[in-house]
Every structure is written in structure tokens, then in C-alpha cells.
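Throughout, a chain's letter reflects where its sequence line sits, starting with A, and its residues are numbered from 1.
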Amino acid sequence: MDSVPGIPIRMKWSQFFIVTAKETPADAVVPSHQLMLRAGLIRQVVAGAYTYLPLGLRTLRKIEAIVREEMNRAGAIEVSMPAMHPIELWEQTGRVAAMGDVLLRLHGRGDDWRSRTVLGPTHEEIITEHARTYINSYKQLPVTFYQIQTKFRGEARPKSGVLRTREFLMKDAYSFHTSKHGPGGLDDGYQAMYDAYCRIFARCGLPYIAVEADSGPIGGDASHEFMVETDAGEDFLVKSEDGSYAANLERAEVAPVEDGKDGRNAPLTVVPTPGHTTIEQVSAFLRCTPARMIKTIIYVADGQPLIALVRGDHNVNEPKLKRVAGVLNLEPADPALIKNLTEADVGYAGPVGLSNVRIIADQAVTVMHDAITGANRTDHHLTGVNPGRDFEIKESADIREAVPGDRAKNGAPLTFRKCIEVGHVFKLGTKYSDALGATFLDEKGASHPMIMGCYGIGVNRILAAAIEASHDANGIIWPASIAPFRVIICSLDTREADVMSTSEKLHDELESRGVDVLWDDRDQRPGVKFKDADLIGIPVRITVGKKGLAEGVVEVTTRKDGQTQRLGVAGAGVELLRLLQGR
RNA sequence: CGGGGCGUAGCUCAGUCUGGCUAGAGCGCGUGGUUUGGGACCACGAGGCCGCAGGUUCGAAUCCUGUCGCCCCGACCA
């Protein structure tokens, strides 16, 4: 196999650039961040932006190669779009306002070009503009484009190393279709990307899980996220214990709560609760559990007031509520509106007596008895509140966040795990093609907006997630497919001619068969070399030392389990190749 | 954007409360020597605008004011 142009044929540690550290930098908190710094994969330049050092870059490039292969296999076509975008396109889709500070803008004098330029956080606008220009006929559809490109986002708080940054590598793909369903439709394209994602994450050695995600206003089953479980994550994954259901907490559905029939049909009573406005305060003051209370949350939904009722120990799940209510925009009401609606200060709202406002109750509220809630009178609450008797529930649905103890719809208990999102597939519909006028002519010459899907993968996140999922006290344990090198040869006793010639021969033999080999030729003590090899996580270590050679053997140690076997020097190369293939 | 913490050598940190000699240690780095199967040892050495700016003072890493940066929690997250 030919060497990489410009890189020495033998990849010697002493001639490469690997900077390991014994101590963990104080700023790093999560394991992947700590290990990426210690192993010399990355170096932070400013908050949320990192240099990839040679070792880290090798892994990043391997991930990219896998992504590229699978995208091409799925029929997607690679392009490369710029990071600089004209703000006009973003104004046309309304996303200058929607993205707010996340959209990074250049700062110019007055109205010069800088003020009209933004750094792309994603590329729907650009690709849709291209589709508008070049695609005019149904004969050109369906088509899927992708790129692997740097994105810029003004994240309020970068954190956890490369898991959340302001500048990052993303594989983003966009598909264009003439229809939602049927051959060549969006459903097909979506499925092709979904399948490709499964292959990509599997090949990267990630223990991933695909879950239903909140799909926003588009509705349906139009979105899946690909998650990797890790405490460093920012999302919650809700899974049923029997494995039949998994979803993002933003979307997770729960089985109805059964009616405990614990009601005593107590009389409706007004009780003074001066200054007690929160669930915690009132339940403590009235000596009841939060679960006996009805929480009354007042929203403004598409301009109209909307009240959500949930049990005191539950939280409203706003994406769910949006879907149930059929609204696009949901925000908390301001105190003035609450006062106007309930005739009470904030903290004393309740459903009893509120008739001229839309109320949606969570299912769990429908089976409550003798509950406690606000009296719509400042400094007062009601006890003995019974739905049906004291107020009518016109609309009820599952509108709350799942909590531990909940069950899936099939009755299996739900478990909760933190996780990181490494990929997201999404059916867009015509949001961007409508806004930007990307239309095609059908067989009859009629014009329609193209139907779109978009599909993202966080390339850097794959790297960090792989480390989160696979490391130990000594360092990284790379999956072979994305390891910076497959094999490291540790030459001990570097002044022994035998050791060096045997190492060189093994290196060349493996390299000639296409195996990435790193040769640790440094004149260092064995402990240093072993620690470094473990830290940077190379899957297979070959130890060549004068002690072993005296017995005619070299040793092969696997990083994952530390198991060592001795191979005769003569056939070591062949034997190793056999071992590597079995992996 | 709210709350908390931290800025002293490449890294980890001491010194700051209570102002005072030439600003320290370990790791790492350089030179020489001894070592060599799980982060060796000895000797010598290089390396600092103590984040930045202003102020107080005979004197500031240390006190005061401002400012910038970084980390953590929360809010936010196509």
C-alpha cells in the first residue's frame, strides 16, 4: 500500500506529533473532554472552538470517511456549501428572528456587506436556493444532497468539550421530492437516510438507539433522533423496560394513570394560604403531598389564552401540549394577563369557575379526587376539589412530562437515561420550498413546492460519544473502525538492533497490508510507553522487547480486555493479520 | 440572560485573608550522567507583563474600582 503523500512511510512516534499529559486539565469535567485533552486530540482556542491535533484529526477523518461511504451508498450526492450566507435568504424564511442570537452575524460599518452576512448554523436556506435554481422538473426528482462542513452557532453556553461547541463539523443532507408517499417520495428518502444512519453509527462502534423525537409543528412520526447514552448528555432518553418503546423525554408518551378511587367527596372549601404561591409552599402549608394538588399553568397559545392542568408533582410537556392544542406558538402568560383572567395574583389560579378560557387537563388530573388548587382569589386555595363536580373537563390528554414510576402505553415500566444526540432525521415538508419559491412542474405542467427532508449528524459528537461509551481509568478504548491507528508497536530496549529490526519488519508487513500502524520508537522506559498506548486507546498493542525476543516471541495485547498472547517472531505478521480480521 | 467559581511557568496548584527581601513546588522541558517490561534517579539549567486597565500606598500577585476571559449550575438549544 502506498504511503500517504508527504508523510513518512514509517509512522514513527518520534517523528509524528503526539502530546499526552499525565494530569487532567482543571476545566474538563466530562470523561470524553478530559481524555481528549490528556491524549492530545484537541486543544481549545476559545470557548466552543477547538483545534484538532494530528491524533484527533485522524479519528475525525475516519468518521468522515464512514459517513461519506454510507451517504454515497444511500444515493446522496456530495456538495460543499459556504459558511458565509447572505442574510436575505434567512430573512425570507423568517429564521433571523427564529434563531435569534444563535445566528452569528458579521459586524460591519453601516450597511456594508459584512452587516448583510451571517455564518451558517445549518444550510436549508442555501440548498433550497440551489434547488430553486437548478431543479425545475419532476424528472429531476427525487434527489438528495449532502455535505460535511463546518457550522457556526452562537451557543449561549458551550460545554463538555466538543459535545457542545460554537463551531463544529456537521454532515447535513437535504432531500427533495415530488410527493410525501409512494415511490421516490419523502417517506422513501427518509427511510433511506434512517437506514444509512444506523449503518454509520454501527460502523463507528457506537451503542446508539434511534428514538422518536419531537417533530414540532409538522406533526406525525416525522422525526427520529439517534442517541448515545451517557451521563455527559443533555437530553433524556425514556425507554420501556421491555425494550418496545423509546423516545426523547420531549415526546415520551405515558400510559393513563388509573383512578385510585380514593375520593371522599369532601366539600369544596376555600382556605386561606397567605403568601403561599408555589406547589411546594402550599403543599407544605396544608400538609399534603404535591400529588394531591392541581397545577394550573396559563399560556398564550397563538395569541389566545390557554390553561393547562397537571398534577402538582408533574410538569407540563410543552411540545406535547402544542400538538394536542394544535398550536404553533406557546409561551407563558405574563402576570397582567393572569391577573386579568383569574382576578388573582400569580400563584392562586385554579380551574374552578373559569369558563371563558380554553382548558386542557392532563389525563392524570381527570382521576383526581378531593384535590387542592388555587381559588382564583389572592392568598386563597380550594380543597376538596373534584373534577366533574366542581369544574368540567372538556379536553383532556397526555400533556405532561413522563416521570419515574410511569409506564409505557403497553404497561412496561419506563426508565430514564441521560443521552447525547448524535444524529437527527427530519421530514421538513414544504416550509423552505414555500418560503423560497422552490417549485417544480409535474407531468401536467402544474407547479408545486418541493417536499423536503433534512438529516444531520454531529461528526465531532460521534468522536466524543465513542469515548464516553468506551474508556477506562487508563484512557480511551477506541472502536477499531475509528481508532487513529489500528495497531501500536511498542519497541522496548530501542538500542537493541534485534528489537528495532523486528519492529520495523512487523510495521512494514502490517502497513503493506493496509493496517494503520503507529511505531513507538521512542527511547523511553516501558512504563511510559504502555501508559501512553493505553491513554490514546489503540486497539492492539504489539510489544517487542529483548526479553521476549530471547524466547523468540513478541506479545500482542488487546486494549479492551488487556489480554496478552505470545506469538512466535517468525510468523507474527501473518498471525496478526489473521487476528485483526477476526476483530 | 440569572446564580456560583476561577484567572500566578506548557500542565496541576501554593502564596492573596493579615501588602514588604530575588514569586514558589510537583509534573513537563533542556544538558550531562546512571538506568530500562507499567509514568526511574542524580546534578545543573531554561521558562513568569501574577488576565488587562486604572487607583490607594514609601512599597501591590496580595487592598479598591472597572474590564476581559474561562469553567460549572440554570434558562435557551434549527
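Across all strands shown, A:T494 has no heavy atoms under 4.0 Å from either base or sugar-phosphate atoms. Residue contacts for A:D532: at a heavy-atom cut-off of 4.0 Å it reaches a base atom on one of the strands shown. Among the heavy atoms of the strands, none lies under 4.0 Å from A:E234. Within 4.0 Å (heavy atoms only), A:G548 reaches at least one base atom of the nucleic acid. If you check every strand for non-hydrogen atoms under 4.0 Å, A:P25 touches sugar and phosphate atoms only.
The partner of B:C76 is absent, by the rule that a Watson-Crick or G-U pair needs both atom distances under 3.5 Å. Base pairing of B:G45: its partner is B:C29, meeting the Watson-Crick or G-U wobble criterion (both donor-acceptor distances under 3.5 Å). In this structure B:G7 sits in a base pair with B:C68, meeting the Watson-Crick or G-U test at under 3.5 Å. If you check B:C13 for Watson-Crick or wobble pairing at under 3.5 angstrom, you find it paired to B:G24. Remark: B:A40 base-pairs with B:U34. Criterion, Watson-Crick or G-U wobble with two distances under 3.5 Å. Nucleotide B:A61 forms no Watson-Crick or G-U wobble pair with any nucleotide shown, as no partner meets the under 3.5 Å limit on both distances.
Note on ring orientation: taking the six-membered ring where Trp is involved, the planes of A:Y197 and A:F226 are tilted (angle from 30° to 60°). In this pair, A:Y190 and A:H224 present their aromatic rings tilted. The plane angle is within the 30 to 60° band.
Each of A:R38 and A:R95 was assigned the nucleotide of RNA chain B with the nearest heavy atom; the assignment lying further toward the 5' end belongs to A:R38. Annotation: of the two residues near RNA chain B, A:R43 and A:T20, the 5′-most nearest-nucleotide partner is A:R43.
Taking atom CG of residue A:L35 and atom C1' of nucleotide B:C11, one finds them 16 Å apart after rounding to whole Å. One can place NZ of A:K529 at 13 Å from P of B:A40, the figure rounded to the nearest angstrom. Residue A:R559 contributes atom CZ, which lies 17 Å from atom P of B:G38 at whole-angstrom precision. In this structure, the CG atom of A:D520 is 13 Å from the C1' atom of B:G38, given to the nearest Å. Between the NZ atom of A:K22 and the C1' atom of B:G26 there is a distance of 10 Å, rounded to whole Å. Going from atom CG of A:D235 over to atom C1' of B:C76 covers 13 Å, rounded to whole Å. Across the protein-nucleic acid pair, A:L535 atom CG and B:G28 atom P stand 15 Å apart, rounded to whole Å. Nucleotide B:G10 holds its P atom 20 Å from the CD1 atom of A:I42, rounded to whole Å.
To the nearest whole angstrom, the two P atoms, one in B:G47 and one in B:U31, are 16 Å apart. Atom name C1', nucleotides B:G15 and B:C58: the rounded distance is 23 Å, in whole Å. Rounded to the nearest Å, the gap between the P atom of B:G5 and that of B:A9 is 22 Å. For the P atom pair drawn from B:C73 and B:C17, the interatomic distance equals 31 Å after rounding to whole Å. Nucleotides B:G39 and B:A75 are separated by 43 Å at their C1' atoms, to the nearest Å. Atom name P, nucleotides B:U22 and B:G28: the rounded distance is 31 Å, in whole Å. Between B:G48 and B:C71, the distance separating the two C1' atoms is 23 Å to the nearest Å. Comparing B:U62 with B:U56, their C1' atoms sit 13 Å apart, to the nearest whole Å.
Remark: the A:E23 side chain and the B:G26 base include a donor-acceptor N/O pair separated by less than 3.5 Å. The base of B:G37 is not paired with the side chain of A:R541 by any donor and acceptor separated by under 3.5 Å.
No donor-acceptor distance shorter than 3.5 angstrom exists from the side chain of A:E555 to the backbone of A:T543, with no hydrogens or angles considered. Using a distance-only test at 3.5 Å, with no hydrogens or angles considered, a donor-acceptor pair links the side chain of A:Q34 to the main chain of A:A28. A:D493 contributes a side-chain N or O that, together with a main-chain N or O of A:K546, makes up a donor-acceptor pair within less than 3.5 Å. At distances below 3.5 Å, at least one donor-acceptor pair connects side-chain atoms of A:R559 with backbone N or O atoms of A:I476. Judged by distance alone, with hydrogens and angles left aside, the side-chain atoms of A:R116 form no donor-acceptor pair with the main-chain N or O of A:P86 at under 3.5 Å.
Cation-pi contact between A:R541 and A:F530: present, with separation from the ring centre below 6.0 Å and deviation from the ring axis of at most 45°.
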Next item on the list: Report the C-alpha distance between A:K239 and A:E229 in whole Å, list the side-chain angles of each, state the deciding distance to 0.1 Å, and finish with yes or no for salt bridge (charged side-chain N to carboxylate O under 4.0 Å, His left out).
Entry: CA-CA 11 Å; A:K239 284 194 299 187; A:E229 290 184 12; 2.8 Å; yes
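Side chain of A:A47, nearest nucleotide from B:C71, B:G37, B:C27: B:C71. With B:C70, B:G37, B:G38 as the candidates, the nucleotide lying closest to the side chain of A:K531 is B:G38.
A salt bridge does not link A:D521 with A:R10: every distance from a Lys NZ or Arg NE/NH1/NH2 to an Asp or Glu carboxylate oxygen is 4.0 Å or more. Taking a cutoff of 4.0 Å between a charged side-chain nitrogen and a carboxylate oxygen, A:K322 and A:D302 do not qualify as a salt bridge.
The side chain of A:R525 places an N or O atom within less than 4.0 Å of a non-bridging phosphate oxygen (OP1 or OP2) of B:A40. Considering only side-chain N and O atoms, A:Q524 lies nowhere under 4.0 angstrom from the phosphate OP1 or OP2 of B:G38.
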Contacts under 3.5 Å, N or O only, protein and nucleotides 72-75 of chain B:
{"from": "B:C73", "atom 1": "OP2", "to": "A:R157", "atom 2": "NH1", "distance (Å)": "3.1"}
{"from": "B:C73", "atom 1": "OP2", "to": "A:R157", "atom 2": "NH2", "distance (Å)": "2.9"}

Report all interatomic pairs (protein N or O, nucleotide N or O of nucleotides 42-50 of chain B) with separations under 3.5 Å.
none

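The heavy-atom pair separating A:A469 from A:V228 by the smallest distance is CB-CG1, 4.5 Å.
Around CZ of A:R105, the count of heavy atoms belonging to other residues, nucleotides or ligands within 6.0 Å does not exceed 12.
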